[in-house]
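First the structure, in the form of C-alpha cells, and then the observations on it.
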Amino acid sequence: MTSTESAAKPSKLPPFDATDPLGIDDLLGPDDLAIRDTVRTWATDRVLPHIAEWYEKGELPGVRELARELGALGALGMSLDGYGCAGASAVQYGLACLELEAADSGIRSLVSVQGSLAMYAIHRFGSEEQKQRWLPGMAAGEIIGCFGLTEPDHGSDPAGMRTYAKRDGEDWVLTGRKMWITNGSVAGVAIVWAQTDEGDEGRGIRGFVVPTDTPGFSAPEIHHKWSLRASVTSELVMDGVRLPADAVLPDAKGLRGPLSCLSHARYGIVWGAMGAARASFESALDYARTREQFGRPIGGFQLTQAKLADMAVELHKGILLAHHLGRRMDAGRLRPEQVSFGKLNNVREAIEICRTSRTILGANGISLEYPVMRHATNLESVLTYEGTVEMHQLVLGKALTGLDAFR
C-alpha cells in the first residue's frame with residue numbers, strides 16, 4: 001500500500017453518541033469540559049434532588065447559601081476579569097448556563113442577574129471605588145445583586161420609564177417602581193436605572209448603585225407565579241431614596257448602558273434555554289425506551305421516533321448556534337443583533353421541545369416526578385424577559401431591511 005493510499009483510507013469512526021450526536025464535544029478543550037462537568041455535578045447534587053419540591057411550594061429556600069456555593073464554583077460574574085471574578089471565556093460561561101438551566105431556569109436566572117446584569121453593570125460602567133466595594137463580595141456570593149430596569153407600565157419600551165432621580169445639592173433623590181426583578185428581595189445591592197435632567201438632550205437615563213438598606217428602598221416579593229416558581233421575584237419601590245453623588249455609574253449615560261447589560265444576559269439565555277430543552281428531551285428519550293404500550297416500548301413506533309429525531313435536530317442545532325456566538329464573543333465580534341438571533345431561535349425551539357416531550361410522556365408529562373412541565377412553564381418567562389419574541393424579531397427585521405419598525 002502506498003502512502004497516498006494509506007492517507008486516503010478512512011479511519012475507524014467513533015460510535016454514535018445519542019447524547020452528542022453531532023460530536024459537539026470535540027469543539028471543547030479540557031478546561032471547557034472541566035468547568036461544564038463541575039457545574040453539572042453541583043447542579044445534580046445540590047439542586048435536582050430538591051427542585052420539584054421548591055417549585056411546587058413556590059420558594060427558593062437557602063438562596064443565600066446557594067449563592068455562596070455558586071460563588072465558590074466561580075460561577076458569579078464568571079466571564080469578568082479581576083475583583084475575585086473567574087475570568088472564564090464566554091463559551092465556558094455559556095456551558096455553565098446550560099448546565100444550570102438543565103436543573104432549573106430559576107437557578108440560571110439567579111446567576112445571570114447576579115453576573116451578567118448587576119456585576120456586569122458595575123464592572124463595565126462603574127468607578128474603581130464602586131468595583132472595589134461591591135464586586136469581590138458579589139463574586140463570592142456574599143452579596144446578592146439585582147437589576148432594576150423593567151417597570152409596571154414600561155417593559156419593552158424602557159425609554160419611557162418613570163423612575164426619576166433628581167439632584168438635591170450634591171445628592172441624588174430616587175423615586176419610582178420597578179417590576180419583575182429577580183433577586184430583589186434578597187439583594188444587598190440594586191442597580192437601578194432612572195430618568196434624570198442630565199444630558200445634552202434634556203432628560204437622560206443614568207444607572208445608580210443602591211445599597212438595599214438605604215432608607216426609602218423596599219423590595220416586596222411577588223407571589224402567585226406559575227413560572228419561575230423556584231426563584232425570588234420582586235418589586236422594587238424607591239420612595240425618596242437619597243444617594244450620594246458617587247452612587248451614579250459614571251460611564252453609563254442613556255439607554256446604551258442598560259441595553260448592553262441586557263445583551264450580555266441574553267447571551268447566557270441562548271445557552272441556558274438549551275439546558276432546559278436537553279433535560280426535557282433526555283426525559284422523553286428515557287421514557288420512550290422503557291414505557292410499553294401495545295406490547296413494546298413506545299420508542300419503537302414511527303411517530304415517536306419522528307418526534308425524537310426532530311427534537312434532537314433542533315436541540316443540537318441550538319447548541320451549535322450557542323457555541324458559534326460564544327466564539328464570536330470571545331473574539332470580540334459578537335453583535336447585539338446576533339444575540340437576538342440566538343435568543344429568538346433557542347428559546348422558541350426549547351419551548352417546542354418541552355411541549356413535544358410532554359406528549360411522549362403522556363399524562364405523566366404533567367407530573368413533577370418528571371422535569372418537562374416545570375421546564376415548559378419556566379421557559380414561558382424566559383421567552384418574555386430580556387426581550388420578547390416581537391422585540392427580537394424587530395431587531396432582526398431592522399438589521400435585515402435597514403428600516404426601523406419599532407415606532
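No more than 12 heavy atoms of other residues, nucleotides or ligands shown are found within 6.0 angstrom of CG on Leu303. Summarising the local packing, CD of Glu170 is surrounded by 12 or fewer heavy atoms from other residues, nucleotides or ligands at distances under 6.0 Å. Within a 6.0 Å radius of NZ in Lys253, no more than 12 heavy atoms belonging to other residues, nucleotides or ligands are found. Residue Gln393 places its CD atom among more than 12 non-hydrogen atoms of other residues, nucleotides or ligands, all under 6.0 Å distant. A 6.0 Å sphere centred on NZ of Lys225 holds more than 12 heavy atoms belonging to other residues, nucleotides or ligands. More than 12 heavy atoms of other residues, nucleotides or ligands shown are found within 6.0 angstrom of CZ on Arg327.
Between Arg133 and Asp246 no salt bridge is recorded (no basic side-chain N to carboxylate O distance below 4.0 Å). Salt-bridge annotation for Asp168 and Arg242: present, with a side-chain N of the basic residue lying under 4.0 Å from a carboxylate O of the acidic one. With salt bridges taken as basic N to acidic carboxylate O contacts below 4.0 Å, one links Arg46 and Glu69. Salt bridge status for Asp197 with Lys166: absent, with no side-chain N to carboxylate O gap under 4.0 Å. Using a cut-off of 4.0 Å between Lys/Arg side-chain N and Asp/Glu carboxylate O, Glu386 and Arg266 are scored as not salt-bridged. Under a 4.0 Å N-O distance rule, the pair Lys317/Glu314 qualifies as a salt bridge. Salt-bridge check for Glu53 with Lys57: passed, with a basic side-chain N closer than 4.0 Å to an acidic carboxylate O. Of the charged side-chain nitrogens involved, at least one lies within less than 4.0 Å of a carboxylate oxygen, so that Arg177 and Glu235 count as a salt-bridged pair.
The shortest distance between side-chain heavy atoms of Pro158 and Leu255 falls below 4.5 Å. At least one side-chain heavy atom of Tyr267 sits under 4.5 Å from a side-chain heavy atom of Tyr93. The shortest side-chain heavy-atom distance between Leu228 and Thr377 does not fall under the 4.5 Å cut-off. At a threshold of 4.5 Å between non-hydrogen side-chain atoms, the residues Thr388 and Leu383 do not count as touching. The shortest side-chain heavy-atom distance between Arg206 and Thr196 falls under the 4.5 Å cut-off. Here the side chains of Trp134 and Tyr83 are not in contact, with every heavy-atom distance at 4.5 Å or above. Between Arg333 and Arg328 the shortest side-chain heavy-atom distance falls below 4.5 Å.
Screening residues 366-382 for salt bridge (Lys or Arg N to Asp or Glu O under 4.0 Å), with sequence neighbours left out, gives Asp104-Arg374, Arg355-Glu380. Sequence neighbours left out, the pairs with a member in residues 273-289 that pass side-chain hydrogen bond (donor to acceptor under 3.5 Å, both in side chains) are Glu99-Arg278, Tyr287-Arg291, Tyr287-Asn364.
Panel note: side chain Ser105, backbone Glu101; no donor-acceptor pair is recorded below 3.5 Å. Judged by distance alone, the side chain of Gln114 and the main-chain N or O of Met138 form a donor-acceptor pair under 3.5 Å.
A cation-pi geometry, defined here as NZ or CZ lying under 6.0 Å from the six-membered ring centre and within 45° of its normal, does not hold between Arg40 and Trp42. Judged by the 6.0 Å and 45° rule, Arg296 forms a cation-pi pair with Phe301.
Using the six-membered ring where Trp is involved, Tyr120 and His264 have ring planes that are parallel, under 30° apart on the 30 and 60° scheme. Ring orientation note: the planes of His50 and Trp54 are close to parallel, at an angle under 30° on the 30°/60° scale.
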Before you tell me yes or no, could you show the steps for Trp172 and Phe208 under ring pair (Phe, Tyr, Trp, His ring centres under 6.0 Å), namely the whole-Å CA-CA distance, both residues' side-chain angles and the distance that decides it to 0.1 Å? CA-CA 9 Å; Trp172 292 93; Phe208 295 84; 5.2 Å; yes

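For Leu22, the side-chain contact (heavy atoms from CB on, under 4.5 Å) partners two or more places apart in sequence, or in a different chain, are Ile24, His316, Leu320.
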